[in-house]
Number of protein chains: 6
Amino acid sequence: DFELALLEVKPAFGASTDQFERCMLNGMISYGEKYEKLVSTMQSLIEQVRVSERTPMLTCLLEGNAGSGKSALAAALALKSAFPFMKLLTSDGFVGASEAAKCQALAKLFDDAYKSPLSLIVLDDIERLLEYVSIGPRFSNVVLQALLVLLKRQPPQGRKLLVIGTTSLPLVFEEMGLNAAFNVSLHVPELSPSEAAGVLSHIGAFSADDLPSACQALQALAGERIAIKKLFMLLEMARHGKAHEDDMSDAANADEPVALERWVACLRDLAQ
Amino acid sequence: DFELALLEVKPAFGASTDQFERCMLNGMISYGEKYEKLVSTMQSLIEQVRVSERTPMLTCLLEGNAGSGKSALAAALALKSAFPFMKLLTSDGFVGASEAAKCQALAKLFDDAYKSPLSLIVLDDIERLLEYVSIGPRFSNVVLQALLVLLKRQPPQGRKLLVIGTTSLPLVFEEMGLNAAFNVSLHVPELSPSEAAGVLSHIGAFSADDLPSACQALQALAGERIAIKKLFMLLEMARHGKAHEDDMSDAANADEPVALERWVACLRDLAQ
Amino acid sequence: DFELALLEVKPAFGASTDQFERCMLNGMISYGEKYEKLVSTMQSLIEQVRVSERTPMLTCLLEGNAGSGKSALAAALALKSAFPFMKLLTSDGFVGASEAAKCQALAKLFDDAYKSPLSLIVLDDIERLLEYVSIGPRFSNVVLQALLVLLKRQPPQGRKLLVIGTTSLPLVFEEMGLNAAFNVSLHVPELSPSEAAGVLSHIGAFSADDLPSACQALQALAGERIAIKKLFMLLEMARHGKAHEDDMSDAANADEPVALERWVACLRDLAQ
Amino acid sequence: DFELALLEVKPAFGASTDQFERCMLNGMISYGEKYEKLVSTMQSLIEQVRVSERTPMLTCLLEGNAGSGKSALAAALALKSAFPFMKLLTSDGFVGASEAAKCQALAKLFDDAYKSPLSLIVLDDIERLLEYVSIGPRFSNVVLQALLVLLKRQPPQGRKLLVIGTTSLPLVFEEMGLNAAFNVSLHVPELSPSEAAGVLSHIGAFSADDLPSACQALQALAGERIAIKKLFMLLEMARHGKAHEDDMSDAANADEPVALERWVACLRDLAQ
Amino acid sequence: DFELALLEVKPAFGASTDQFERCMLNGMISYGEKYEKLVSTMQSLIEQVRVSERTPMLTCLLEGNAGSGKSALAAALALKSAFPFMKLLTSDGFVGASEAAKCQALAKLFDDAYKSPLSLIVLDDIERLLEYVSIGPRFSNVVLQALLVLLKRQPPQGRKLLVIGTTSLPLVFEEMGLNAAFNVSLHVPELSPSEAAGVLSHIGAFSADDLPSACQALQALAGERIAIKKLFMLLEMARHGKAHEDDMSDAANADEPVALERWVACLRDLAQ
Amino acid sequence: DFELALLEVKPAFGASTDQFERCMLNGMISYGEKYEKLVSTMQSLIEQVRVSERTPMLTCLLEGNAGSGKSALAAALALKSAFPFMKLLTSDGFVGASEAAKCQALAKLFDDAYKSPLSLIVLDDIERLLEYVSIGPRFSNVVLQALLVLLKRQPPQGRKLLVIGTTSLPLVFEEMGLNAAFNVSLHVPELSPSEAAGVLSHIGAFSADDLPSACQALQALAGERIAIKKLFMLLEMARHGKAHEDDMSDAANADEPVALERWVACLRDLAQ
Ligand SMILES: Nc1ncnc2c1ncn2[C@@H]1O[C@H](COP(=O)(O)OP(=O)(O)OP(=O)(O)O)[C@@H](O)[C@H]1O
Ligand SMILES: Nc1ncnc2c1ncn2[C@@H]1O[C@H](COP(=O)(O)OP(=O)(O)OP(=O)(O)O)[C@@H](O)[C@H]1O
Ligand SMILES: Nc1ncnc2c1ncn2[C@@H]1O[C@H](COP(=O)(O)OP(=O)(O)OP(=O)(O)O)[C@@H](O)[C@H]1O
Ligand SMILES: Nc1ncnc2c1ncn2[C@@H]1O[C@H](COP(=O)(O)OP(=O)(O)OP(=O)(O)O)[C@@H](O)[C@H]1O
Ligand SMILES: Nc1ncnc2c1ncn2[C@@H]1O[C@H](COP(=O)(O)OP(=O)(O)OP(=O)(O)O)[C@@H](O)[C@H]1O
Ligand SMILES: Nc1ncnc2c1ncn2[C@@H]1O[C@H](COP(=O)(O)OP(=O)(O)OP(=O)(O)O)[C@@H](O)[C@H]1O
Ligand SMILES: [Mg+2]
Ligand SMILES: [Mg+2]
Ligand SMILES: [Mg+2]
Ligand SMILES: [Mg+2]
Ligand SMILES: [Mg+2]
Ligand SMILES: [Mg+2]
């Protein structure tokens, strides 16, 4: 079982795994073939970096719609790799930071990685590091250029490095030449109706009787495909949504199935 | 009665409620079903943040035309939530302030919120914080990026946070990726003719005989739908409008009904 | 008589009225119904600020073509209001000043106004404060954002404020969201042929015999509608225009009627 | 005779006239009716400033193609006005100067002018002061805004000021709102064929026999209309053009007529 | 044999050849006529600089798609030239560096080169030095202008200099005027199917039996032409790709042929 | 003979002529009528500056395609003029210099020139001084404005100045208003086939037998018209091109004719 496996592996040289674990607070669920394929392809890359002498550095981009699970997937595989050096770079600590500060942090991150024989870097939500906005469009060319150089710079003799990036803007990255700077680009899909049904069933979100109707409502009101992150959010909303209208003792329990009416009401509210 | 309820609740940990109360100087009036629905959906969100373990942070955007009552609604619900930490951020204190100063204030606001177990932040008139103007268009990308990060950053373990934003530029926010950064986006509508009539009747703005004509004139001269803020402004203008032409003793009393001729004259003046 | 009235009123708390008087060096003339209407609507606003408890702040934009008399009208009504605090803000003192300096001046102006129970601010030629030029277009977004905030910020408890702005670029202001930041927007028109005739007759610019021909020439050579400021300028030019060609003793006297030939010659010169 | 007259008049209060005289090194020649008309209109304006109480400030823009004689005309009339304060502002002293330095110089120039009871300012080649280039277009908005304010700012009580500006970009000025900032805008034309012939005859550039052919060649090779500055340049070129090919004693004498062949050869060379 | 030759030659004056060798970690393989032609043309240029008195400086641009082997080729020929001064300039050391720093480094590089009688400079990936991105487009005009000057500046008397630049953006360089700043521009092609087959055969990537199928699969899944760098990357992926799924002892050996199924699976994975 | 003449003339007041001589390392060759015409027109201008009292300053722009010989021509004529002050300004010394530094250098250059009674300034490759690039387009408006002012500013009383500029972007200069800032603009042409043949014959590049074929090959492979600089470059390449393939004793001698096969091979290589 993959979920269990993750908890067992700890990096040998003491790299903190907290930041990775926080990316998957809701756990990881195998939603089918596509997910397994993604995991296996990425494990090949991890293996290649570990073993091959000819490719001391590999770079892989995970792209997919908002909430499709890119950050969670990157974190899960990083944990599983158990490389002695592992680091997740997000923009969380860069609120209001200058472009120069970001470049410096990026450069330091890679330099730190070069010090370990086997390293893994996750660059999460690269568009945020780039301060990208589609109006204009505007972004930090300084940070972009730093990335373009770092992603192609060979590590020093004897060092190995895997870089995983995530983005929900693959077309923009194409234009920026960022896609081409990654060796491999993998698509993280939203859930198809049957995959969503599988997830809902797996976590026991609804009673067996309600499940078909719940799935039907989901597809009708939230669209053909749904991001896994949004699916979890909707469930929480439905669970707590109308609680205050009834008496408190009836308050939703996180482990009980969600009532179908609440689920439908919640979907309707947000479909407006 | 909702209006009364608001006055009774005070946050437990001493957060000042003055700034919230100033947003609703003209009080809150239920103008019908749509308003009740809005209030109930937002109360669900407040409840969910309070209770759910899986969604320690929720973000909700109120969007609607100028004067439709976004700020008042956000303030009213904040007061009602009675969270121990509550803060309203507007641009009022940032006249001529630098982008850096705004980012710092934003970052500090969230950091302060993280210190309380249960917090609520209102970001009022976000386009003003962003210094947005449609010519260009121009805006502070620095502030925008800070918002995009802060709105997605998870609070520390054990802290819970509800963020309510307001804007009258939902389409612009869409392009900026700001909409997507909010979990929920709710529309605050202008008043339909019957809703406006309800409000006018509720506050006794006209004598019972004048009301139908007053409503008709409103619709004919000010358009199909009207913002609640504008409706109050028009009433005040009509009340004081021609006072100086008559003798002073006849000056309008804020509690008396407005004379129909003044109402129509005032509507006409401003319809030019 | 309105002209006389203005001279009699002096603000009670010592605010200087010089700057207002300089805006109307050529005096104010009632050119008919439209003018009276404008004056009366603005007096209503002044009255409303003075009396209403619910609208402690009102903002009014005077828009109209160059020279149509916006500044003079704003100044005349300010003087007539006799509010204890009155201030006119123009760009005259800001030649080469930085955006920051302008913002600071604006913020200080409003802060000063908040100190008086009843205040009036005239923001003259706002496009100049904004450093607007249609090529680009360019303007100071810093100053614009300061204005957008200040025009919507409520004065402190118990303070009342009327803001009158002037501009000849209403369409640009629309795009900037500045129009929407004013409660009321009033159009200051150019003179129609009959209004122009009225003004010329009122000031005795021509002998009674010449007047009809003078008006006809004006309309034929200067166009259907004319700004009142331009009308006064043309009269001065005609009065002094050809003086040097004749002997000096014949020099035009400011009180005598203008000779028709000079009027027509002057109109022709500038119509080239 | 106008040329003589200019030499006789000297400003009463010691203003240096050198800079004005340098603008008309080739002297001034009346090339016909249009020229006389221009001079007379501008003298009217000078007279009006001197005499009228109601128009203490007048601003006049001379616009016309490159080399049409704008600077010379402005300088000639300035000298003729013999105002106690007269100053010519060009960009000659501002090579590489900052926008701020230019603004400061402009502001100081107007302040100096305000100190004299009767002042005249020539702003020569305003597009150069504005650092205008049509690619972009780019220009100094800081200087533009300073000009827009200074050109509309009334001088202090009792001071009178005439401002003459020159430009060869009237359409650009229109877009910038600079045209509207001048009370009067006058066109300085290029020479028509008959005007050019008059000038050539007046200065005895050709022998009486050669004149008709010289004029014909000019029109055929240099185009229908020619700037007066270019006409003088062509004459000098023809005079010196082929000198080095013949023996030196034959060198052209500045007072002798130009040989027709040289004239035609020179026109042809440059028409390539 | 060219590969061997490279190892034998060392620059006479002690210039470090490490940076050049790192560009060709996978060695150089002659993939046919086009490659031989490229090498021979460049050797002519090297010879010309060494010998000719009239062309003390030559500049050559290698342009071709990403991964086509530009950097390796430039490095290989630099090593072969064995000039006493040889330097490779990449952006690797300029992460986050300012434009000024880059200009200074460029200027110093050329000045250093001028000190040796015979020098060779490789400017690798010039678009990265220019911080080029196609959105906008944006780039450092400061660095571009420095390059444009340095590429045309003659070395001091008696000094000789060969500059080799590489880029994958020849069309952009055209627009920038950079192409014209090089004396010669050579295209580095991607591999045709037969050239790719030659390379695969030369390095014994597949067993003789598998080779035809391997080539066919390559063409079908990776397109008509393939960059040599990508070909090597694909081989490494296929070699290590599925290793973890089988038992470890079966792990791919870098010298053994790749199994056909792995090759096809790998091509399919990345063709998605 | 012109070539000889140049060597004999030295400026009287000690101005260094080195920089001018370096512009014509390959000597000057008269390639026919057009060249003679260009030289004679420019000599007329030199003469005019020396002699005429009415045109103390003349400015001349040499425009033509890259390598057409503009810099060499300007330098040759500067040397021939033997003015006591002569200076060539290129961008060679301004790598990475600021706009301000360039402006200062320009201003100083003109001020130095004003100190000599008779001066000549060559502004070589003005687009480089302007840091022009067609993408954008971008350029230094600060330097452009400095040039526009300096090119029209009259030298002090009694000083004479000739300015020669070179550019290969006449259309861009037109848009910038730079063309109009020069009194004269002359086109420097590329060589026609017969002019190229003349040059090749004059320098004995080929044996008499090979010449016709060499010319034919040139036209067929390098296009109808060719820049003289490129012609010289091609000859050197052909001379040294394949040397390394044969034995070294056979190495090309700079004075011997070029072998026809090498010429054709070289043309073919570069025509790819
Ligand atoms: N198979 C799965 N793959 C990815 N996420 C999963 C999976 N199963 C469960 N999850 C949960 O779904 C959520 C996915 O959210 P995540 O933040 O990774 O999405 P994202 O694509 O990075 O979103 P964003 O575009 O906002 O960055 C996580 O909470 C994760 O624990
Ligand atoms: N049901 C209601 N909802 C909102 N506002 C109400 C309601 N009833 C009364 N009001 C009053 O109407 C006014 C609404 O104005 P408010 O400033 O909230 O609008 P807004 O949409 O934020 O405007 P803006 O676009 O200018 O920010 C307030 O004065 C408020 O007291
Ligand atoms: N009824 C009137 N309304 C306005 N101005 C009048 C009136 N009667 C006379 N005037 C005179 O006409 C002139 C109007 O000029 P004013 O500067 O106010 O116009 P403006 O619209 O502000 O011009 P600008 O667009 O240049 O700012 C003033 O001198 C004023 O004294
Ligand atoms: N009637 C005239 N009007 C103007 N200039 C004349 C006249 N007669 C002779 N001139 C001479 O013609 C020249 C006109 O050049 P001037 O520099 O004034 O033109 P300009 O329009 O200012 O040119 P630019 O567009 O380059 O600024 C001067 O040398 C002046 O002495
Ligand atoms: N004949 C060859 N030419 C070029 N490279 C070769 C050749 N044979 C083998 N190689 C290998 O192929 C790789 C070519 O990659 P290289 O980095 O030079 O490509 P590039 O065009 O510079 O790529 P990029 O566009 O990413 O800069 C090198 O590892 C090199 O050793
Ligand atoms: N008649 C000639 N005219 C110009 N150059 C000649 C002539 N005869 C020989 N040459 C030689 O041709 C070369 C011309 O190159 P030059 O650098 O002057 O061209 P350019 O037009 O300035 O080029 P660029 O556009 O690169 O600045 C010089 O080496 C010069 O010595
Ligand atoms: Mg993510
Ligand atoms: Mg609001
Ligand atoms: Mg005004
Ligand atoms: Mg001029
Ligand atoms: Mg490369
Ligand atoms: Mg040149």
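Letters go in sequence order (proteins before strands), and every chain restarts at 1.
Two residues are said to be in side-chain contact when any heavy atoms from C-beta on lie closer than 4.5 Å; E:F139 and F:V133 meet this criterion. Side-chain contact between E:L45 and F:M237 is present, with at least one heavy-atom pair separated by less than 4.5 Å. Counting heavy atoms from C-beta outward, E:R54 and F:L25 have side chains that stay 4.5 Å or more apart.
A pairwise comparison of heavy atoms in F:D92 and E:R153 identifies O-NH1, 2.8 Å as the closest pair. The two atoms that bring E:E175 and F:S134 nearest to each other are O-OG, 2.7 Å, heavy atoms only. Summarising the geometry of F:R128 relative to E:Q145, their closest heavy-atom pair is NH1-OE1, 2.6 Å, with the distance given to 0.1 Å.
Within a 6.0 Å sphere centred on CD of E:Q104, heavy atoms belonging to other residues, nucleotides or ligands number 12 at most. Around CD of E:E99, the count of heavy atoms belonging to other residues, nucleotides or ligands within 6.0 Å exceeds 12.
Per-residue heavy-atom pair counts under 4.5 Å with chain F were compared for E:L148, E:V172, E:L147, and the maximum is reached by E:L148.
Here CD of E:Q154 is found 11.5 Å from OG1 of F:T90. Values are rounded to the nearest 0.5 Å. Within the model, atoms CG of E:N141 and CZ of F:R138 stand 6.0 Å from one another, a figure rounded to the nearest 0.5 Å. Note that CZ of F:R239 is 10.5 Å distant from CD of E:Q48, once rounded to the nearest 0.5 Å. The structure places NE2 of F:H240 at 5.5 Å from OG1 of E:T55, a figure rounded to the nearest 0.5 Å.
Using a 4.5 Å cut-off between heavy atoms, E:L178 does not touch chain F at all. Neither the backbone nor the side chain of E:K102 comes within contact range of chain F; no heavy atoms are under 4.5 Å apart. Residue E:A100 does not touch chain F at all, counting heavy-atom pairs closer than 4.5 Å. Using a 4.5 Å cut-off between heavy atoms, F:Y132 touches chain E through its backbone atoms (N, CA, C, O) alone.
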task: Could you walk me through whether F:E131 and E:L144 pass side-chain contact (heavy atoms from CB on, under 4.5 Å), step by step?
output: CA-CA 9 Å; F:E131 302 182 9; E:L144 172 60; over 6 Å; no

